[in-house]
Number of protein chains: 2
Amino acid sequence: MDAHLALAARFEQWAMLGDDPARCPVRNLLDRIGDRWSMLLLAALAGSPRRFSALARAVPDISRRMLTQTLRTLETDGLVHREVEPSVPPRVTYSLTPLGKSFAGPLLALVDWAEAHFGEVEAARARMALAS
Amino acid sequence: MDAHLALAARFEQWAMLGDDPARCPVRNLLDRIGDRWSMLLLAALAGSPRRFSALARAVPDISRRMLTQTLRTLETDGLVHREVEPSVPPRVTYSLTPLGKSFAGPLLALVDWAEAHFGEVEAARARMALAS
DNA sequence: GCCTATAGTCTCTACCAGAGACCAGGTAAA
DNA sequence: TTTACCTGGTCTCTGGTAGAGACTATAGGC
């Protein structure tokens with residue numbers, strides 16, 4: 001079965017769940033990790049654990065506010081582990097849990113697609129800009 | 001190579017691009033389709049073309065404003081094709097372009113992961129709720 | 001005459017992301 | 001001694017943006 005047909009079948013199942021989107025696992029998780037920063041931070045942590053300021057350096061355009069907030073969400077969802085070393089000043093290390101590592105597969109698929117088809121997307125944007 | 005190591009290697013490449021996130025294909029596309037609605041609409045269109053109001057019915061909690069806006073973005077990025085039938089009242093049909101269909105693979109990987117691991121995420125949330 | 005359906009647009013408001021100041025509390029340089 | 005700096009955040013203010021809901025034109029059915 002083609003991927004887009006399988007996807008359509010899944011979508012029909014979600015529709016059966018009725019009017020409450022939170023009960024749909026996909027809606028629920030998409031609302032959490034489908035934002036600008038979550039996937040990026042998961043990718044940043046894929047290689048090795050990093051400390052708070054190292055993450056801030058790795059993703060320069062995230063504000064510390066959103067960095068804290070996103071990491072907290074990823075922690076409560078069990079994707080990221082937060083470890084405080086009670087030294088002075090305290091050092092906080094973030095790492096992927098096994099669940100977080102299991103997300104690397106789908107995320108890599110997304111990244112591969114983005115790199116492979118970015119040219120087509122740019123071409124489409126250029127066409128639309130000309131047409132308008 | 002494990003997926004999370006491959007992901008880490010990609011992430012290091014992006015860091016080489018310097019301070020402009022828009023030049024990174026992954027950042028660029030994540031900022032576009034990494035919102036609450038884009039992936040959902042792509043999934044809704046995966047099975048067959050749909051008209052505007054059919055999409056609104058398939059995704060009941062999207063406002064018409066966001067439906068219009070998200071479809072326009074997907075159209076300028078070349079993922080969705082918009083076809084106006086000049087009848088009265090006009091009928092507008094949205095369908096996936098070949099580029100849009102090619103996105104079904106990564107999207108399906110994401111959906112599969114969400115359905116497979118949603119239980120673990122809920123368990124993690126319950127643990128965090130108890131601990132707080 | 002009134003209601004429906006079509007595919008949107010417009011305005012108003014509420015919320016949320018981002019910017020930047022601020023915090024404790026120890027270390028190290030001047 | 002004063003000053004600056006490091007850590008990992010928190011606090012407040014503001015601007016942009018998402019969502020709610022009213023409004024549009026035109027035709028067909030009752």
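These numbers come from a predicted model, not from an experiment. These numbers come from the heavy atoms of this one structure, side chains and all, not from hydrogens, waters or symmetry mates. The chains referred to below are lettered A, B, ... by the order of the sequence lines, with proteins before strands, and numbering in each begins at 1.
Note that the CZ atom of Phe11(A) and the SG atom of Cys24(A) stand 9.0 Å from one another [nearest 0.5 Å]. Here Arg32(A) contributes atom CZ and Thr76(A) contributes atom OG1; the two are 5.0 Å apart, rounded to the nearest 0.5 Å. Remark: Leu79(A) CG to Leu96(A) CG distance equals 8.0 Å, nearest 0.5 Å. Between Leu42(A) atom CG and His4(B) atom NE2 the span is 12.5 Å, to the nearest 0.5 Å. Taken from CG in Asp31(B) to CG in Leu40(A), the straight-line distance is 8.5 Å, to the nearest 0.5 Å. How far CZ of Arg23(A) is from CG of Asn28(A): 12.0 Å, rounded to the nearest 0.5 Å.
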Show me the donor-acceptor pairs within less than 3.5 Å that the side chains of residues 43-53 of chain A make with the rest of the protein, sequence neighbours left out.
from     : atom 1 : to       : atom 2 : distance (Å)
Arg50(A) : NE     : Ala44(A) : O      : 2.8
Arg50(A) : NH2    : Glu12(B) : OE2    : 3.1
Ser53(A) : OG     : Arg57(A) : NH2    : 3.4

N/O donor-acceptor pairs under 3.5 Å from side chains in residues 67-75 of chain B, not counting sequence neighbours:
from     : atom 1 : to       : atom 2 : distance (Å)
Thr68(B) : OG1    : Arg64(B) : O      : 2.9
Thr70(B) : OG1    : Met66(B) : O      : 2.7
Thr73(B) : OG1    : Gln69(B) : O      : 3.1

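Residues that satisfy the side chain to side chain donor-acceptor pair (under 3.5 Å) test with Glu83(A), not counting sequence neighbours, are absent from this structure. Residues passing the ring-ring contact (aromatic ring centres under 6.0 Å, His included) test with Trp113(B), sequence neighbours excluded: Phe103(A), His117(B). Val121(B) pairs by the side chain to side chain contact (heavy atoms under 4.5 Å, CB included) definition with Leu29(A), Asp77(A), Leu99(A), Arg125(B), not counting sequence neighbours. Residues forming a side chain to side chain contact (heavy atoms under 4.5 Å, CB included) with Ala6(A) (at least two apart in sequence, or on another chain): Met1(A), Leu108(B).
A heavy-atom distance below 4.0 Å to DNA chain C is reached by these residues of residues 46-54 of chain B, ordered by number: Arg51(B), Phe52(B), Ser53(B). Near DNA chain D, meaning a heavy atom under 4.0 Å away, there are no residues from residues 24-35 of chain A.
For the residue pair Ala58(A) and Pro60(A), the shortest heavy atom distance occurs at O-CD, 3.5 Å. Between Met39(B) and Ile33(B), the closest heavy-atom pair is CG-O, 3.5 Å.
The salt bridge (Lys or Arg N to Asp or Glu O under 4.0 Å) analysis of residues 85-111 of chain B, with sequence neighbours excluded, yields no pairs.
Think of the region where chain A sits on DNA chain C: with heavy atoms and a 4.0 Å cut, that region ends 5' and 3' at dA17(C) to dG26(C).
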Which letters describe nucleotides 16-30 of chain D, given B = protein heavy atom under 4.0 Å from base, S = only from sugar-phosphate, - = neither? --BBB-BB---S---
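Overall bending of the helix from dG1(C)-dC30(D) to dA30(C)-dT1(D), expressed as the angle between end axes built from five pairs apiece, is 20° (10° steps).
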